[in-house]
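In what follows, a structure is listed as structure tokens, so that the remarks can point back to it.
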Amino acid sequence: MVEQKCSSILVEDQGQIVGIWTEQDALAVDLADPEVFRTPIAEAMSAPVKSIDIDTQIGVAALRFRDEKIRHLLVLDESGKHRGIVSQTDIVIHQGLDYYLTLRDVRSVFNQTFFKFPGSMPVRDVIREMQEKRLDAVVVENSAHAYGIVTERDVVRLIGNRKTAAVASEVASFPLIMIAASSSLYHARKLFIKSRIRHLGVTDDSGQLIGLLTFADILANIESEYVHRLQETLNEREEILAISDRHLRLAAAAFASTFEAIMITDANNMIESVNPAFTMMTGFNAHEVLGKPPSILASDRHGSQIYDAMREQLATNGHWQGEVWNKRPNGEIYVAWLNINVVTDSADNIGNYVAVFSDITNRKAAEERMRFLAHHDALTGLPNRTLLTDRLLRGIALAKRNNNKLAVIFLDLNDFKKINDTLGHHAGDQLLQIVAQRLSNCVRESDTVGRLGGDEFVVLVGAIDKHADVLVVAEKIVASLAQPMTIEGRMVQVSTSIGISLYPDHGDHPELLLKNSDEAMYQAKANGPNNFHFFDFGAPNQPTTAADDSE
């Protein structure tokens, strides 16, 4: 019994069940007698064994346990062959009393009369008290004033270990697991099952021990009316099962017809089932993934951190959702929005994981495009005024820290309106795209080319020590834009006018630098095409060349 962790053993003779030896019978063993361990089981067992038909309703079995004050019944089939044992514990666990137990609290059923012994008391004397008072458990208090419990099972363990001399604290199980008298019987039953015990200490509101609660207490206090109505409840349950069956069929139809991919894995995270949408979305047929882990879908876009966080959240909250990058059999990468839920059984053991996901690649691309357009020009892809201002702020901060200059080059295209009017707006758009590309080729990667709108462009050039550095860029821009362009099958040439302002010479914030470079551009335009001019705070309009630089 100790090795098998069971509460009873059937005794047979020549294939016939002749008796039963239970934990309760163990109390009759005289541990003071060293020869007691040689006693034949026939002298200690209970006989005859009370039996019950295998087809007997569980409510009737509950009544027999209560009325006959027994805890085990031998189960016989229609031919009289024994098929097993049913116990009080089985009834309480499987009778389906959840609603009833939720309505009743521990206070309504527990035994307020309990016996407490000091831990120093010889265990033989404790067993004798249990025999005389017909107790299946007593409370033991050790020298540290902690509570433990000695039960019939502990006596069986003593016998199994052939120990006779011991004190109660050496045999007792510590600590005594407690439950408040105000708790529901449903909570008590869950605690019994979870802890694999049959006795709970009951405490009052101040935490003081006031009694013991057993499985037998729960069973004995089930109202007779409830037990007699059990058959009616079972009939109702059959109707509910029929409804559940219909719901299951509907769920199966939904599983098959939904547009979202569904993947169900077992407790070991191996794929058990997928729906048709899974195949359409992932490119994998069901037979290619069943029995395999979900990692078969994974791409190399993620590190192990996301999967570690996923497992941790599933273990903690039973749910995870987020974006994952998956890969189809042909190597195509796609983004999926994934929801995973843990499915547990009545004992809170994980049975399955259900993953529902959808392909959000197009939606994500659209979102990325919208974020891009919020800071970039839709036609050329260059930074717009918002991003340009942000880059200019950072460039000013960097120039200030490095004690050098920053150039703002403002330019527009001369006679751009004529090109639009002559060749059409589509041709004008092509010209602007070519100009954007040529401007980008004239500067370093660390510099910024932006479009303010129309034919106006701005170039930010950082890390400048003298004016001549800017003139090199300006000359390069003029030369590049002066090269002919082929648009709509025709050769087109444009000229430009360039205005330049410097930080900190001509301003210390973006708005002022842009305004001054714009004014300088008009000064350059007044001097003819392909000229550039530094802002000069009201000096006469004179074209600026590299030879004019005095620095």
Original post:
For Asp345, what residues pass the salt bridge (Lys or Arg N to Asp or Glu O under 4.0 Å) criterion, not counting sequence neighbours?
Top reply: none

Donor-acceptor pairs under 3.5 Å, side chain of residues 286-296 to any protein atom, not counting sequence neighbours: which ones?
unit_1	atom_1	unit_2	atom_2	d
Glu288	OE1	Asn285	N	2.7
Lys292	NZ	Glu288	O	3.2

Residue pairs, two or more places apart or on separate chains, that pass salt bridge (Lys or Arg N to Asp or Glu O under 4.0 Å) and touch [range]:
| range | result |
| --- | --- |
| residues 39-53 | Lys50-Glu68 |
| residues 171-186 | none |
| residues 352-368 | Glu323-Lys364, Arg328-Asp359, Arg363-Glu367, Glu368-Arg371 |

Would you please name every residue forming a side chain to side chain contact (heavy atoms under 4.5 Å, CB included) with [X], sequence neighbours left out?
| X | value |
| --- | --- |
| Val342 | Leu314, Thr344, Ile350, Tyr353 |
| Asn362 | none |
| Lys116 | Phe114, Val139, Glu141, Tyr147 |
| Ile52 | Thr56, Ala61, Arg64, Leu73, Val75, Val86 |

**OP:** Taking all non-hydrogen atoms of both residues into account, name the closest pair between Met130 and Val138 and its distance.
**Re:**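 Nearest pair, atom of Met130 first, then Val138: CG-CG1, 3.7 Å.
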
ring-ring contact (aromatic ring centres under 6.0 Å, His included) with [X]: which residues, sequence neighbours excluded?
| X | answer |
| --- | --- |
| His72 | none |
| Phe174 | none |
| Phe192 | Phe215 |

Original post:
When rounded to the nearest 0.5 angstrom, what is the spacing between CG in Asn352 and CD in Glu272?
Top reply: 5.0 Å

**OP:** Please check if the side chain of Asp105 supplies one atom and the backbone of Ser108 the other of a donor-acceptor pair under 3.5 Å.
**Re:**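 At least one qualifying donor-acceptor pair exists.
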
